[in-house]
Number of protein chains: 4
Amino acid sequence: MSDTMEQWIEELLRSDADGAKMTEKQARIVQSAIEVFAEKGYAASSTSEIAQRAGVAEGTIFRHYKTKKALLLAIVAPAMTKLLAPFVLRGFNNVLDSEYDSYEQVLRAMIENRIEFLRKNRSILKILLQEIPFHPDMQARLQRDVIAVVLERLRRIVAKFQTGGVMKELPSATVIRLSLSAIMGYIATRTVYGEREDAEWDDEREREDTIAFVMRGLGLRQ
Amino acid sequence: MSDTMEQWIEELLRSDADGAKMTEKQARIVQSAIEVFAEKGYAASSTSEIAQRAGVAEGTIFRHYKTKKALLLAIVAPAMTKLLAPFVLRGFNNVLDSEYDSYEQVLRAMIENRIEFLRKNRSILKILLQEIPFHPDMQARLQRDVIAVVLERLRRIVAKFQTGGVMKELPSATVIRLSLSAIMGYIATRTVYGEREDAEWDDEREREDTIAFVMRGLGLRQ
Amino acid sequence: MSDTMEQWIEELLRSDADGAKMTEKQARIVQSAIEVFAEKGYAASSTSEIAQRAGVAEGTIFRHYKTKKALLLAIVAPAMTKLLAPFVLRGFNNVLDSEYDSYEQVLRAMIENRIEFLRKNRSILKILLQEIPFHPDMQARLQRDVIAVVLERLRRIVAKFQTGGVMKELPSATVIRLSLSAIMGYIATRTVYGEREDAEWDDEREREDTIAFVMRGLGLRQ
Amino acid sequence: MSDTMEQWIEELLRSDADGAKMTEKQARIVQSAIEVFAEKGYAASSTSEIAQRAGVAEGTIFRHYKTKKALLLAIVAPAMTKLLAPFVLRGFNNVLDSEYDSYEQVLRAMIENRIEFLRKNRSILKILLQEIPFHPDMQARLQRDVIAVVLERLRRIVAKFQTGGVMKELPSATVIRLSLSAIMGYIATRTVYGEREDAEWDDEREREDTIAFVMRGLGLRQ
DNA sequence: CATGAATGAGTATTCATTCAT
DNA sequence: TATGAATGAATACTCATTCAT
């Protein structure tokens, strides 16, 4: 899974939205834009700084992207696509319906999946999170193309394990919410505190505790 | 608790950081700034629009706030203070050590507390969340004056209930994280979906499911 | 001579152009204005800084002086008057026609006169010199009320000593120019270098050399 | 000497501080800036007026000069360089040690030199004189790069003629001061009065009188 | 395809001046 | 008389975007 993942920024840098190949300059522009947007936020970033960091002339940016916002979208749109890539790909060949033997495996897969993704795309995700509230078009697209798809996918996976007990009594949406909350809380904390040198963060243990917590909370046995 | 809470925006608008009384124009400036910052983000907001919405001359803003950033801080700084008000107040008279009979009560208090707070301060919190990543000074202050205080407070409350079973075996920080994740996941989902007219969101039930999930996850009986 | 002189700033601060008495606040305003104008130049000075230094409200300045320029004139105009005070006063009672026995005495008087004046009015003179080029009204007034008067006065004094030799052959305007050039060059150099601690400036000697130079240059014996 | 001199404003307008060629617009900006600064003083000049007179957009100014002050320096700095050009050039090929046969020749050279320079650079010199008091960096540079160099140069020239009599007894610095005072007094008066139509200014005679005055004052024979 | 000079609308901020209290 | 809140025009400077080369 992560093998494909590892290469997608490079892919992003290799071809643009139309699938057309990127020149080396265009790639440098996108790289710099990611850096600058993540550092200062979209609105506070200037195309001139992006050009400078990319080592190209200001005009060159606008040869490739009509406006500054188009450049933002060129970065953020593929990020959305990739966000759901694992789900779509699996769903595609229908393998996944039988892929997981236990809900615990599902949780572990989600954790690894997200962590890996986060590690490789921190800057882009930061930009996405920052800008989503201000761009209704991006919101709509995220909801429609990503969240809805992912949720539907998860709903079907979860349904498979709702065979009885507590889990059967909970709406699948609630199961998903509770699971994702715990996982995202784990990842977020890990991201913030897990990297400090002074931190007492035993990653292995925290992850196991989190999984156990969810399993117990859903009335499942590990 | 929420009685006091309900009035604090009005308080914010009644007196500034120095405790000096706000003129009516100053209050209008702060109001407009909250609106505009929340709508467009700090960097994309212009002082001229804020002035216009407040019905004052642009110069008037700068008579009260030396810079645009000072205006931001005048909005966000008291929000931080209020964020921890409930914790500090209770700790003060030491009542709370004996306040909660069960961890369930703690969870319910946190939920009500935060929901109420969120309801009244949505815009300001949005601004805070948006700007924190770009203002290291705000980050430091939030960490030192709010997060550290709240966590320490929660740690002591949690410790009281770590008498045995699963909960005793988990670090209190982990208990807090798992609890907060679930609560915040609930509140966030509720905030996004709970207000849509078409939504199938049974708030009562979702809250109870969440509390039950946490209790079970921590090995506690309701 | 310098006895009167020594007090004129105080006089300036005691009564305004109409001869009306100055309040203490008004005096503080003028004082501060002199400081600030001299430090930063008229155009780069702000009335708010002047008010602040004077410890009065911004509005107070405009109660006393209709505009910023009026404040400038209130400082500079009396300076012009005082500039020629010694000449006018003496001319008035006609004593001076017989006051000096030699041209050397005239030179010595001018030097002492100017040095004393400069010492007490450095800031105001600096302002005058800086602003003269940009205010034609001030130029006209200086020319008409000061320069013309002083030159006429000097012309008559010089004439008295043009009894023969080189001096008789030079136009009195030329004599004045040559004398004033030397004196002003001496004073200027002294002002710039004479106050440095490291400077090798023997004031006594420089003054005597200057006087001797002029006397010799004009073909007079000391 | 003055042949080269005559061309330096054009040079200034042909290439900037880095030696890079100036565009036509850049030249117009500098021209307008010189005009406006000279007319109103630096602080009272607005970049918008400069842009308007130059017939360019305001932004264009800042493409070439990062700040208004940088524009000032771009005008004033080369003026300083040119100010000492004649001295440096001569010193360079060491011709000048034997260049003047008499001190009178030195005086005549200085007069012509300065008059020519003044004629061509009146505006820039006015700006320089006006702004020097408010820019310590410019002061330092002028002192170090111009005044010190010129004085040293003059000191050596003067020393050559201090073979006896009055001149030998005077410090060379004093000789320079007295000579420059007389020359500058002559030039200043000439500049102010010599151009009025009504003026009774016989330039030829005034110059000769001045030179004779200095020679006599220094105890030299013409 | 790439450049970078040029633009003009826009930015935060300052300022001299007014006026109700 | 003195205040200081309020103003709005002006200020230096930035920026996304265009276009001739």
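So that the names make sense, note that chain A is the first sequence line, chain B the second, and so on, each numbered from 1.
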When rounded to whole Å, the CZ to P distance for the pair C:Arg28 and F:dT1 reads 16 Å

Taking both distances under 3.5 Å as the test for a Watson-Crick or G-U pair, what stems of at least three pairs does DNA chain F have? E:2-21 with F:2-21

Note: chain B reaches DNA chain E at heavy-atom distances under 4.0 Å over the stretch, first to last nt, 5' to 3', of E:dT11 to E:dT14

Numerically ordered, the residues 47-61 of chain B set in heavy-atom contact under 4.0 Å with DNA chain F is B:Val56, B:Ala57, B:Gly59, B:Thr60

Within 45 degrees of the ring normal and closer than 6.0 Å to the centroid, is that where the cationic atom of B:Lys126 sits relative to B:Phe37? no

Determine: side-chain N/O of A:Lys69 to OP1/OP2 of F:dA16, distance under 4.0 Å, yes or no. no

Non-hydrogen side-chain atoms of D:Gln130 and D:Ile127 separated by less than 4.5 Å: no

Look at the side chain of A:Gln139 and the backbone N and O of A:Ile132, then say whether any donor-acceptor pair between them is shorter than 3.5 Å. yes

Do C:Val56 and C:Ile50 have side chains that get closer than 4.5 Å, going by heavy atoms? no

For residues 49-61 of chain B, which residue pairs qualify under side chain to side chain donor-acceptor pair (under 3.5 Å), counting only residues two or more places apart or in two chains? B:Glu35-B:Arg53, B:Glu39-B:Arg53, B:Lys40-B:Glu49, B:Thr47-B:Glu58, B:Glu49-B:Arg53

From CA spacing to verdict: side chain to side chain donor-acceptor pair (under 3.5 Å), D:His135, D:Lys69: CA-CA 10 Å; D:His135 305 271; D:Lys69 176 146 188 197; 3.1 Å; yes

Between D:Thr23 and D:His64, is there a side-chain heavy-atom distance shorter than 4.5 Å? yes

Answer whether the closest heavy-atom distance between the side chains of B:Glu131 and B:Leu72 falls below 4.5 Å. yes

5′-ward residue of the pair B:Phe62/D:Lys25 relative to DNA chain E: D:Lys25

Any side-chain heavy-atom pair from B:Leu71 and B:Thr67 closer than 4.5 angstrom? no

When rounded to the nearest 0.5 angstrom, what distance separates CD1 in B:Ile75 from OG in B:Ser123? 10.0 Å

Per the under-4.0 Å heavy-atom filter, residues of residues 37-46 of chain D near DNA chain F come out as D:Ser45, D:Ser46

Check whether any side-chain heavy atom of D:Tyr65 sits under 4.5 Å from a side-chain heavy atom of D:Leu73, and report yes or no. no

Those residues that, when tested against B:Leu125, pass side-chain contact (heavy atoms from CB on, under 4.5 Å) (two or more places apart): B:Leu83, B:Phe117, B:Leu118, B:Asn121, B:Leu128

Would the distance check show the side chain of C:Lys68 and the main-chain N or O of C:Tyr42 forming a donor-acceptor pair, the cut-off being under 3.5 Å? yes

